[in-house]
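So the structure is just underneath, and the comments pick up after that.
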Amino acid sequence: MPEGHVIHRLAAELGAAFAGRPVRVSSPQGRFAAAAAGLDGAKLTAAEAYGKHLFIEFDARVIHLHLGLIGKLRWVAPGPVLNPATLRLLISDGRQVVELRGPQTCELITVAERDAVVAGLGPDPLRADADPQLAWQRVHRSSRPIAALLMDQRIAAGVGNIYRCEVLFRAGVHPELPGTELTEGTWALLWRDLVELMPLGVRDGRIDTVREAESPERTGRPPRVDRHGGEVYVYRRAGDDCLVCGRGISVRQLSGRSLYWCENCQPPR
DNA sequence: GCGTGATGTTGAA
DNA sequence: TCAACCTCACGCC
């Protein structure tokens with residue numbers, strides 16, 4: 001259940017473990033078996049993330065992964081395969097083993113097809129080549145709420161529900177403010193916050209957004225770490241007290257996803 | 001044990 | 001706007 005930071009972290013781990021070396025590739029479940037057999041023993045040349053998409057490259061052949069909501073790519077101990085019925089992909093050099101279950105996408109594509117996927121994505125705050133102006137061009141022309149725009153991968157790649165809720169809170173922006181009413185300065189603030197926060201997510205493997213001033217160490221309150229592993233202001237804290245103003249955190253469904261915000265710290269307009 | 005929701009996206013209505 | 005998809009951990013008996 002990953003946002004972009006998880007995918008970038010996985011890409012770095014895969015590269016460190018396997019890049020430049022031959023690997024065993026298999027698909028115990030069978031759904032990727034033919035492609036896996038063709039790659040088995042090939043040299044893994046690179047692993048790269050763009051937004052929530054992960055590309056594992058074997059020279060001109062590319063495994064395109066997207067974990068979706070429930071997919072998992074994780075390192076496991078070498079040894080007998082557990083639950084092969086759901087094991088879509090297994091990559092190993094004998095010492096290090098990574099397994100993929102429940103992905104939304106696991107396909108073998110060409111470099112040109114990889115480039116086409118990337119071309120459909122907006123700038124990724126985790127990539128040095130990202131141009132926030134491209135995102136702003138799309139944001140300020142849209143009447144959709146900023147909370148929806150932040151989740152749109154054609155606008156900003158890699159941002160998910162936690163980061164969108166948290167950066168809106170940290171900027172004091174009401175989630176339903178239309179893109180057309182956002183100032184360029186506010187967009188720059190949101191973007192800079194993503195650029196600041198997401199690398200920390202890659203580094204730590206969890207999303208922490210609470211500033212020093214509201215940290216448990218400073219305030220003496222007990223830490224409240226979400227199941228995803230991080231300390232946050234609003235995400236999945238509906239009904240709890242706002243860490244800044246003390247009022248209850250609100251939640252509602254917005255385009256099928258739970259949106260969390262503080263009505264007091266993020267007033268309309 | 002069972003039901004549900006979850007850091008996501010797609011495609012149909 | 002809604003259902004479908006893929007898996008699994010958690011809460012509640």
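None of the values given here were measured: they were computed from a predicted structure.
- Residue A/Arg257 has no polar side-chain atom (N or O) positioned under 4.0 Å from OP1 or OP2 of B/dA6.
- Atom P of nucleotide C/dC10 and atom CG of A/Leu69 are separated by 16 Å, given to the nearest angstrom.
- Distances from the side chain of A/Glu3 to the nucleotides B/dG8, C/dC8, B/dT9 place B/dG8 closest.
- For A/Glu13 and A/Trp75, the side-chain atoms include at least one donor-acceptor pair closer than 3.5 Å.
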Item checked: side chain to side chain donor-acceptor pair (under 3.5 Å) assessment of A/His64 paired with A/Glu107 -> CA-CA 5 Å; A/His64 173 214; A/Glu107 59 180 359; 2.7 Å; yes
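- Put simply, A/Tyr163 has no side-chain N or O that comes within less than 4.0 Å of OP1 or OP2 on B/dT7.
- Within the 4.0 angstrom heavy-atom criterion, only backbone atoms of the sugar-phosphate kind lie near A/Gln29; the bases stay farther away.
- What you find for A/Ser258 and A/Asn161 is that their closest heavy atoms are O-ND2, 2.9 Å.
- The nucleotide whose nearest atom lies closest to any side-chain atom of A/Gln153 is, among B/dT7, B/dA6, B/dT9, B/dT9.
- Checking C/dC8, B/dA6, C/dC6 against the side-chain heavy atoms of A/Thr86 singles out C/dC8 as nearest.
- The NE2-P distance, from A/His53 to B/dG8, rounds to 12 Å in whole Å.
- Atom-to-atom, CD of A/Gln104 to P of C/dT7 comes out at 13 Å; the value is rounded to the nearest Å.
- Dashed line: the shortest gap from a side-chain N or O of A/His66 to OP1 or OP2 of B/dT9 is under 4.0 Å.
- Within the 4.0 angstrom heavy-atom criterion, only backbone atoms of the sugar-phosphate kind lie near A/Gly160; the bases stay farther away.
- Under the 3.5 Å distance criterion, with hydrogens and angles disregarded, a donor-acceptor pair is assigned to the side chains of A/Arg101 and A/Thr86.
- Between C/dC8 and A/Arg101, a contact under 4.0 Å exists linking OP1 or OP2 to a side-chain N or O.
- At whole-Å resolution of the value, CZ in A/Arg236 and P in B/dT7 are 6 Å apart.
- For C/dT1 and B/dT7, the C1' atoms lie 23 Å apart once the distance is rounded to whole Å.
- Distances from the side chain of A/Arg31 to the nucleotides C/dC6, C/dC8, B/dG8 place C/dC6 closest.
- Proximity note for A/Tyr235 (side chain, C-beta onward) versus B/dA6, B/dG8, C/dC8: the nearest is B/dA6.
- At whole-Å resolution of the value, CE in A/Met151 and P in B/dT7 are 8 Å apart.
- When distances are taken from the side chain of A/Arg74 to each of B/dT7, B/dT9, C/dC8, the shortest belongs to C/dC8.
- A/Asp152 places its CG atom 10 Å from the P atom of B/dT10, with the value rounded to the nearest Å.
- In this structure, CG of A/Leu121 is placed 13 Å from C1' of B/dG8, rounded to the nearest angstrom.
- Taking atom P in both C/dA3 and B/dG5, one finds a spacing of 13 Å when rounded to whole Å.
- In this model, no donor atom of one side chain and acceptor atom of the other lie less than 3.5 Å apart for A/Thr219 and A/Glu214.
- For B/dT7, neither phosphate oxygen OP1 nor OP2 lies less than 4.0 angstrom from any side-chain nitrogen or oxygen of A/Lys52.
- In this structure, A/Thr110 and A/Glu113 approach most closely via the heavy-atom pair N-OE1, 2.8 Å.
- At whole-Å resolution of the value, NZ in A/Lys72 and P in C/dT7 are 11 Å apart.
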